[in-house]
Amino acid sequence: QVQLVEYGGGLVQAGGSLRLSCAASGSTWGIYVMGLAWYRQAPGKQRELVAAITSGGTTSYADSVKGRFTISRDNAKITVYLQMNSLKPEDTAVYYCNANILRVGVRDAYWGQGTQVTVSS
């Protein structure tokens, strides 16, 4: 089994920055990591896609974070990052990483446990 472990959440003032990391561990031999993404879920709201990156490095962002957040990946470390700048109180949420992984011709989606990001005004 593959596990995704997130790091880097916390409390920050508006205008500040945080960097989230998500690393794959466990049974990673022979896997091919396809798309990676970050989602977030605020209290009382549905989970939403924040940013995504393909295996080829093409990125996409939600309109609400364009120009402030940057997603990147390190394929050798099987890690995805989310650099968050100019944070706003409305960015407060639990952030989850997501990975689409191919193993022996079977594709599965994996989720991290979530990390809390709180932005104070």
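Here the structure is a predicted model, which means the values were calculated and not measured.
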S.K.: Please report the shortest heavy-atom distance between Val2 and Ala24, naming the atom on each side.
M.R.: CG1-CB, 4.1 Å
S.K.: For a side-chain contact (heavy atoms from CB on, under 4.5 Å) check, start with the C-alpha distance between Thr58 and Ile53, then their side-chain angles and the critical distance, and finish with the verdict.
M.R.: CA-CA 5 Å; Thr58 301; Ile53 184 167; over 6 Å; no
S.K.: Out of curiosity, Gln1 CD to Thr28 OG1, how far, rounded to the nearest 0.5 Å?
M.R.: 12.5 Å
S.K.: Both conditions, 6.0 Å and 45 degrees, for the charged tip of Arg73 above the ring of Tyr81: are they met here?
M.R.: no
S.K.: Between Ala99 and Leu36, which heavy-atom pair has the shortest distance, and what is it?
M.R.: CB-CD2, 3.5 Å
S.K.: Are Gln83 and Ser17 side-chain neighbours, meaning at least one heavy-atom pair lies under 4.5 Å?
M.R.: yes
S.K.: Looking only at non-hydrogen atoms, find the nearest pair between Arg40 and Ser64 and report the distance.
M.R.: NH2-OG, 3.4 Å
S.K.: Can Arg103 be said to sit on top of Trp29's aromatic six-ring, NZ or CZ under 6.0 Å from centre and within 45° of the ring axis?
M.R.: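 Not satisfied by the 6.0 Å and 45° rule.
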S.K.: Are Val94 and Leu87 connected, step by step, through hydrophobic side chains (Ile, Leu, Val, Met, Phe, Trp, Tyr) whose heavy atoms are closer than 4.5 Å?
M.R.: no
S.K.: Would you give the length of the straight line joining atom OG of Ser55 to atom CG of Asn75, rounded to the nearest 0.5 angstrom?
M.R.: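 Between Ser55 OG and Asn75 CG, I get 8.0 Å after rounding to 0.5 Å.
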S.K.: Are the side chain of Ser21 and the backbone N or O of Tyr7 linked by a donor-acceptor pair below 3.5 Å?
M.R.: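 Not a single qualifying donor-acceptor pair exists.
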S.K.: About how many Å separate CD of Glu6 and SG of Cys22, when rounded to the nearest 0.5 Å?
M.R.: 5.0 Å
S.K.: Thinking salt bridges, do Lys88 and Asp91 make one under a 4.0 Å N-O criterion?
M.R.: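 No, this pair does not count.
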S.K.: Kindly work out whether a path of hydrophobic side-chain contacts (I/L/V/M/F/W/Y, heavy atoms less than 4.5 Å apart) joins Tyr96 to Leu4.
M.R.: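 Result: no, two separate clusters.
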S.K.: State, yes or no, whether a side-chain contact exists between Met34 and Arg107 at a heavy-atom distance under 4.5 Å.
M.R.: yes
S.K.: Take Ile101 and Asp108 through the test side-chain contact (heavy atoms from CB on, under 4.5 Å) and record every step on the way to the result.
M.R.: CA-CA 5 Å; Ile101 293 174; Asp108 283 314; 5.7 Å; no
S.K.: Could you state the interatomic distance from CD (Gln3) to OG (Ser25), rounded to the nearest 0.5 Å?
M.R.: 5.0 Å
S.K.: Hydrogens and angles aside, do Tyr39 and Arg47 bring a side-chain donor and acceptor to less than 3.5 Å of each other?
M.R.: no
S.K.: What is the minimum heavy-atom distance between Asn100 and Ala109, and which atoms define it?
M.R.: OD1-CB, 3.7 Å
S.K.: Grouping I, L, V, M, F, W and Y whenever their side-chain heavy atoms are under 4.5 Å apart, do Val5 and Trp38 come out in a common cluster?
M.R.: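 No: no chain of side-chain contacts under 4.5 Å links Val5 to Trp38.
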S.K.: Using only heavy-atom distances, determine whether the side chains of Thr79 and Asp74 contain a donor-acceptor pair under 3.5 Å.
M.R.: no
S.K.: Mind listing the closest non-hydrogen atom pair of Val65 and Val50 along with its distance?
M.R.: CG2-O, 3.6 Å
S.K.: Under 3.5 Å, is there a donor-acceptor pair between the side chain of Tyr32 and the main chain of Gly105?
M.R.: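 No, because the side chain of Tyr32 does not come within donor-acceptor range (under 3.5 Å) of the backbone of Gly105.
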S.K.: Going only through I, L, V, M, F, W and Y residues with side-chain contacts under 4.5 Å, is there a path from Trp111 to Leu49?
M.R.: yes
S.K.: Using the rule that two of Ile, Leu, Val, Met, Phe, Trp, Tyr join whenever any of their side-chain heavy atoms come within less than 4.5 Å, decide whether Ile31 and Tyr110 are in one cluster.
M.R.: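 They do share one cluster, since a chain of ILVMFWY contacts under 4.5 Å joins Ile31 to Tyr110.
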S.K.: Please tell me if the side chains of Val117 and Leu18 come closer than 4.5 Å, counting only heavy atoms from C-beta onward.
M.R.: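 A side-chain contact exists here, since the closest heavy-atom pair is under 4.5 Å.
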S.K.: Which atoms form the tightest heavy-atom contact between Ala14 and Ser121, and what is the distance?
M.R.: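 Closest heavy-atom pair between Ala14 and Ser121: CB-CA, 4.4 Å.
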S.K.: Between Leu20 and Thr115, is there a side-chain heavy-atom distance shorter than 4.5 Å?
M.R.: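 With C-beta onward as the side chain, the pair touches.
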S.K.: Parallel, tilted or perpendicular: which describes the rings of Tyr95 and Phe69, with under 30° parallel and over 60° perpendicular?
M.R.: tilted
